[in-house]
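Protein chains get the first letters and strands the later ones, always in sequence-line order, with residue 1 at the start of each.
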Amino acid sequence: MNLLLVVFDLALLAGLIGVAWRCLASTDLFRAVVLFITFGLLLALAWVRLEAPDIALAEAAIGAGITGALLLVTLERLRVIIAGRRSDRPDTVPPDPSGPGAALQALHDPPPEPRTRLPALTFALVVGSLLVTTLWHQPDAAGLEPVVDAHMDASGVDHPITAVLLNFRAYDTFLELAIVLVALLGAWSLGRHDRIPARPAPGPILPGTLRLLVPVAVVTGVYVLWAGSHQPGGAFQAGAILGAAGILLVLSRPRRMPPPPGTLLRLGLGAGVGLFLASGVYGLLAGHGFLGYPPGWDYPLIILIEVAATLSIALTLVALFIAGRPEGDDRP
Amino acid sequence: MSGLVETLAPGLLYPTGGAILFALGLYGLIRRHHLVLRILALNIMGSGVFMVLLGIAARGEGPPDPVAQALTLTGIVVAVSATAFALALVVRLARLTGNAIILPGPPDDDAPVDDISRLEHHAHTEAPEHIEPTARSGERR
């Protein structure tokens, strides 16, 4: 506790609020997305300050990295779609899909009308000040930290957050994996995927960098997964790192890479939820309760579920980036 | 001075910042029309909620509450899935209607009925600055 840290906190919060404001006030969507990625990175710094290195890892990899890639590819898709539609109409200008006019239409949001400013401002101010007053008058409480600490020896792992995620509150994590899968099914139900519009210029630099970067990402991902049982890390962070490597591969070599076989892909996507459910049902039948582990089997089961969850999360993130069912997949 | 430092502990400062971010995202969500910007606003609101959770978890003596941290971790992964699905819906909407903006209120009497022309009509009031395309692409559907 010293003055310097308070100055750091205030500067960080001012930066976060400023970047968020610039992001939401921007009329150019590309600029808004870049500011949002910056916001995510600053947020990771805030999580480190709040003694949450697990969340900081996840925020940097997922919040800033994967979300940023998803947003950028969506902007490019919107630009191509809207420019394409405009060129179909002979009475409108401009037919050039890569021209500034097309980008302007697709990636631009007109500034909001002044008449909505006062009601929106009042509403946001009322909600914000209510929140602040409530939060300032909350009593200090140790929360569930002592309870978790007292039961750590029963969890099978040494890192409290992994213990909460995969043992004490395994139910939440199981449902979360299900939500990730449902989001992908939702995206797939919207149709077959189209080719990713932005393609890097051919050259020796990208393949060379990838050859170096992807193995490093894979090793880092596996290490982060392994480290999760005794220090910050775990399935989500590892899945995000591996997913980012997958997105890089998809972005750089979309033509030469054959699509994975449909059955194998589906198995991988469902592995996390499936294995979690199987172990949960086994626990129920063996008398340990739903999602309870048999005594002595908690560590191997947690590691097994984490490996499957990592694989599923990584595959799902890449599939969400591609958005849409795989090409050549004719099943309904 | 030490009293001030005591008052501005992270356990109080960050929940306040989270509440401000939440309100800011809410304001953006109400005022902006482009759906991608609205998704960004929702994400900023979500980050505000995470900041409140983690700030409260860091209060008091001893290590922070691991349950709140695990909840936030779950929340981040759910947020990215929901964002990806929302973005897929926006792309689908753009493919069907030709734009990704929902304009407020009933159209003006002299405004064209068609979506694209309506957008042009709306954008006409303020000439936007020149924007470079984000990437060159020879491919169209």
Residue part contacting chain A, namely of Ile20(B), when any heavy atom lies under 4.5 Å:
side chain
Side chain, backbone, both or neither: which part of Val90(B) has a heavy atom under 4.5 Å from chain A?
both
Rounded to the nearest 0.5 angstrom, the OG1-CG distance for Thr74(A) and Leu35(B) is 12.0 Å
Looking at Asp9(A) and Pro10(B), would you say the former's side chain and the latter's main chain have a donor-acceptor pair under 3.5 Å?
no
Cut-off 4.5 Å, heavy atoms of chain B, and the answer for Leu184(A) is neither
Greatest number of heavy atom pairs closer than 4.5 Å to chain B - which of Cys23(A), Ser26(A), Gly63(A)
Ser26(A)
Heavy-atom pairs under 4.5 Å with chain A are the metric here; pick the option from Ile30(B), Leu40(B), Val52(B) that has the most.
Leu40(B)
Nearest heavy-atom approach of Arg49(A) to Tyr14(B) is CG-OH, 3.3 Å
So which part of Thr83(B) gets closer than 4.5 Å to some heavy atom of chain A, the side chain, the backbone, both or neither?
side chain
With only heavy atoms counted, which part of Leu71(A) is less than 4.5 Å from chain B, the side chain, the backbone, both or neither?
both
Nearest heavy atoms of Ala20(A) and Leu24(B), plus distance in Å:
CB-CD2, 3.6 Å
Could you tell me which portion of Arg92(B) (side chain, backbone, both or neither) has an atom closer than 4.5 angstrom to a non-hydrogen atom of chain A?
side chain
For the CD1 atom of Ile76(B) and the CZ atom of Phe236(A), what is their distance to the nearest 0.5 Å?
10.5 Å
Looking only at Gly18(B), Ala82(B), Ser47(B), Gly55(B), the option with the highest number of non-hydrogen pairs under 4.5 Å against chain A is Ser47(B)
Over 12 foreign heavy atoms within 6.0 Å of CG, Leu96(B):
yes
Do the side chain of Arg32(B) and the main chain of Pro112(A) share a donor and acceptor less than 3.5 angstrom apart?
no
Atom group of Pro114(A) that falls short of 4.5 Å from chain B, counting heavy atoms
backbone
At their closest point, which heavy atom of Leu13(A) faces which heavy atom of Leu13(B), and how far apart are they?
CD1-O, 3.6 Å
To the nearest 0.5 Å, atom CG of Leu50(A) lies from atom OG1 of Thr72(B) at 10.0 Å
Heavy-atom cut-off 4.5 Å, strictly under: side chain, backbone, both or neither for Val127(A) against chain B?
side chain
When every non-hydrogen atom of Ala19(B) is compared with those of Val132(A), the smallest separation belongs to CB-CG2, 3.6 Å
Heavy-atom distances under 4.5 Å only: say whether Tyr27(B) touches chain A with side chain, backbone, both or neither.
both
Check: Arg31(B) side chain, Glu113(A) main-chain N or O, donor-acceptor pair, under 3.5 Å
yes
Pick from Leu131(A), Leu320(A), Leu135(A), Leu70(A) with the largest number of heavy-atom pairs that fall under 4.5 Å of chain B:
Leu135(A)
Side chain proximity check, Leu78(A) to His34(B), heavy atoms < 4.5 angstrom
yes
Top of Leu181(A), Val164(A), Leu125(A) for chain B proximity - count of heavy-atom pairs under 4.5 angstrom
Val164(A)
Answer with side chain, backbone, both or neither: which region of Leu43(A) has an atom nearer than 4.5 Å to a non-hydrogen atom of chain B?
side chain
With a 4.5 angstrom heavy-atom cut-off, could you sort out which part of Ser129(A) is near chain B: side chain, backbone, both or neither?
neither
Judged by atom type as modelled, is there a donor-acceptor pair below 3.5 Å linking the side chain of Gln69(B) to the main-chain atoms of Glu51(A)?
yes
Choice from Ala88(B), Gly28(B), Pro66(B) maximising heavy atom contacts with chain A below 4.5 Å
Pro66(B)
Please state whether the side chain, the backbone, both or neither of Val36(B) comes within less than 4.5 Å of a heavy atom of chain A.
side chain
Which one wins on heavy-atom pair count under 4.5 Å against chain A: Val67(B), Val78(B), Leu71(B), Asn43(B)?
Val67(B)
Applying a strict 4.5 Å limit to non-hydrogen atoms, the region of Ile55(A) in contact with chain B is both
Mark yes when over 12 heavy atoms from residues, nucleotides or ligands other than Tyr171(A) sit less than 6.0 Å from its OH; otherwise mark no.
no
Contact class of Leu93(B) relative to chain A, heavy atoms under 4.5 angstrom
neither
Ranking Val33(A), Val182(A), Thr67(A), Leu72(A) by heavy-atom pairs under 4.5 Å to chain B gives rank one to Thr67(A)
Taking side chain as C-beta onward, heavy atoms only, is Ile44(B) less than 4.5 Å from Phe36(A)?
yes
First locate atom CZ of Arg77(A), then atom CG of Leu87(B), and finally report the distance between them rounded to the nearest 0.5 Å.
9.5 Å
Could you tell me which portion of Leu29(B) (side chain, backbone, both or neither) has an atom closer than 4.5 angstrom to a non-hydrogen atom of chain A?
neither
Which portion of Val180(A) sits near chain B, non-hydrogen atoms under 4.5 angstrom:
both
Can you tell me which of Leu26(B), Thr74(B), Thr16(B) forms the most heavy-atom pairs within a distance under 4.5 Å of chain A?
Thr74(B)
Choice from Gly128(A), Ala120(A), Ala183(A) maximising heavy atom contacts with chain B below 4.5 Å
Ala120(A)
Can you tell me which of Leu317(A), Leu165(A), Leu190(A), Thr173(A) forms the most heavy-atom pairs within a distance under 4.5 Å of chain B?
Leu190(A)
